[in-house]
Novice: 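I'd like to ask you about the structure that follows.
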Amino acid sequence: MKKLPLAVAHCTLILGMMLTASSCHQNSTPSNSIDNEINRADFDTTVLPGNNFFEYVNGTWLKNNPIPPTEAVWGSFNTVYDQNILRLYGIMKEAAATKDKKEGRAEQKVGDYFSLIMDSNKLNKDGISPIKDELARINSVTDKKSLWSESARLMKMGVNVMFHFGVGQDDKISSKEICGTSQGGMTLPAKDYYTDNSDRGKMIRNKFTEYETLLFEQLGETPEAAGKDADKTLIMETELAVSAMSPSEERDVHAVYNKMTMRQLQDETPGINWQTCLDTFGLKSVDSILVAQPDFLKKVSDLANSYSTDDWKTYLRLHLIVSTAGKLSDTLNSISFNFWDKTFRGIKQMKPRWKRAVEATSGALGELVGQLYVDKYFSASTKEKVRVMVNNIIASYKDRINNLTWMNPETKKYAIEKLDKITLKLCYPDKWRDYSALHIKNDAYVLNAIRVNEFNFNYDMNKLGKPVDRSEWEMSPQTVNAYYEPTRNEIVFPAGILQPPFFDTTRDDAMNYGAIGAVIGHELTHGFDDQGNQYDAEGNMRKWWTNSDSAHYFSKLKMVINQFDNYEIDSVHVKGDLTIGENTADLGGITIAYQALEKDLKQHPEGMVDGFTPEQRFFIAFAQVWRQNTRPAAARMRIKTDPHSPPMFRVLGPLSNMTEFYNAFNVKPGEAMYRPDSLRAVIW
Ligand SMILES: [Zn+2]
């Protein structure tokens with residue numbers, strides 16, 4: 001299920017796992033590689049904790065665990081993710097081997113979806129034939145009306161053309177579902193990739209046109225025609241990109257909330273045939289719509305008229321093949337891999353087919369796979385223990401809010417009410433999603449993938465006019481991640497993350513609070529970060545802070561923005577404004593988890609273990625969670641597009657602001673992490 005393209009995306013712990021990380025070392029045994037305890041052999045004791053705590057805790061581990069050729073990054077998240085991949089592989093193989101699969105059962109859907117990805121002979125024999133009908137439809141576009149009906153059809157199929165369209169909660173009336181649209185229809189990951197005139201920017205655009213040319217050739221064009229079409233689509237997308245927002249600009253929840261009547265929108269964007277789009281989406285009587293980027297839509301409207309129908313057909317063909325290449329033959333997979341994985345992530349080698357098949361099936365059939373997963377691997381005692389930790393951490397957050405010197409009593413009172421009203425979702429949904437309208441057939445992988453996208457699209461469209469279903473989950477249970485959703489005021493921790501190195505019922509509390517405790521604190525703090533603080537306890541975008549509290553708060557955020565602007569990797573600076581929400585959540589998370597641990601230790605004292613105090617183990621567990629090697633290409637792309645800071649700074653940044661950390665490791669002036677009192681940002 002993908003998040004609807006409305007104003008605010010939910011706030012996750014890390015970037016989506018499918019993008020950031022992947023699967024196993026060829027020969028590793030994942031169960032051995034997960035550190036749930038402190039292993040001094042992983043440390044680099046030549047580094048002083050106060051100079052670089054990330055290196056001190058992880059230095060030798062980082063040296064001994066190079067990135068496998070199939071990966072862009074390698075760290076803690078990968079080890080636990082790997083274990084999940086192996087478990088899911090077992091589940092899928094079993095589903096695929098089940099005899100007399102009754103059509104419609106979870107095993108049939110999962111098994112058939114998986115089997116078709118594994119069948120390389122069929123994929124190579126079919127070539128592009130499974131998308132021939134769709135190419136013929138694009139080819140039969142003759143005028144602007146048919147251009148819009150085909151564009152809308154492709155949007156439903158999950159092809160990224162023109163703009164995004166969806167149905168989701170209205171940020172200002174969170175009990176109501178509403179249509180929304182946001183910028184889309186561009187292939188490269190962010191606006192900057194079209195406009196960056198550095199050598200690297202130009203190199204990426206050259207690779208992009210090479211990639212497009214190869215794809216057009218696969219569709220049967222001569223090299224000359226393919227080259228021309230590639231140049232043309234780059235020009236069209238660049239025009240779109242100039243009117244698009246950057247990832248930092250998109251963080252402004254007010255700027256991206258523009259409610260219009262359909263009539264107003266049609267008047268402002270006469271080149272877009274909205275009625276045809278809505279008819280194709282199956283929507284009747286849409287009165288209002290949220291428009292995230294009105295200027296972008298105006299640009300789409302202008303370009304729809306100024307470019308010829310033939311140019312637009314070329315554009316649609318490109319986007320169809322971009323979004324389906326990875327689900328077709330080995331040749332198309334390689335073209336895709338060489339551009340996306342090599343250029344943007346520095347990956348050397350494609351993952352084996354079975355891993356790609358497991359990831360794709362789990363991504364497409366999230367809760368169906370999830371049901372099979374939790375049946376086999378879920379433990380009820382985990383859920384209860386984590387629930388207790390969440391309650392302790394919420395109690396600590398309340399204490400800290402009550403003790404704040406910069407916040408007015410009325411704002412404090414409401415902040416605590418908002419905390420009290422947070423919904424906690426743990427492990428897996430109480431009510432599983434109904435997949436009965438989704439048919440998985442035995443014809444072609446790409447056709448099943450399109451069916452899944454259409455099923456999801458229709459599922460969203462069906463919400464219009466109905467009450468918001470607050471029991472829905474936006475991540476599957478097997479996901480190694482977590483999120484806060486501001487329009488629902490909820491924190492969600494799938495079963496996938498409630499295992500070592502994040503959580504382990506057999507180890508001491510200090511380590512659990514430093515790992516999953518900081519994650520819980522992180523998600524809670526999102527409710528009060530630069531975006532979350534603009535939403536009330538019911539999830540409505542509404543001002544509830546006094547002006548003076550807001551001013552104080554934003555001056556504190558400014559300190560954090562400046563701090564992170566100064567961090568750099570290979571001379572590329574972290575973007576303090578893009579990452580402020582996540583950095584605030586990291587800082588708040590570790591602070592309140594620490595306070596919860598201190599309260600816990602008063603009742604259940606812990607002594608030294610392995611020569612470390614409980615406080616030291618807390619910070620070590622935190623640094624272990626973020627251990628990660630990253631390829632330079634991947635680091636550069638993330639700094640441009642990811643609202644999360646690079647892992648090393650997710651450790652150094654928050655801890656440099658914490659006096660409790662200075663005390664635990666005797667950090668002194670002159671050491672690299674030391675910040676004078678006046679520069680330490682203490683927000684919560
Ligand atoms: Zn987050």
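Note that ligands are numbered from 1 as they come in the structure, with each ligand's atoms numbered from 1 the same way.
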Novice: Counting backbone and side-chain atoms alike, does His526 have an N/O/S atom under 2.8 Å from the Zn ion (ligand 1)?
Specialist: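 Checking His526: at least one N, O or S atom is under 2.8 Å.
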Novice: Pairs in or reaching into residues 632-654: which pass ring pair (Phe, Tyr, Trp, His ring centres under 6.0 Å), with residues at least two apart or in two chains?
Specialist: Tyr567-Phe649
Novice: For Trp684, is the NZ or CZ atom of Arg400 found under 6.0 angstrom from the centre of its six-membered ring and inside 45 degrees of the ring axis?
Specialist: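 No - Arg400 does not lie over the ring of Trp684 by the 6.0 Å and 45° rule.
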Novice: Which residue pairs pass the salt bridge (charged side-chain N to carboxylate O under 4.0 Å, His left out) test when at least one of the two sits in residues 517-533, sequence neighbours left out?
Specialist: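 Qualifying pairs: Arg251-Asp530.
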Novice: Can you give me the O-the Zn ion (ligand 1)-OE1 angle for Thr12 and Glu582, to 10°?
Specialist: 100°
Novice: Report yes if the side chains of Tyr257 and Asp252 come closer than 4.5 Å at any heavy-atom pair, otherwise no.
Specialist: no
Novice: Need the atom name: nearest N/O/S atom of His522 to the Zn ion (ligand 1).
Specialist: NE2
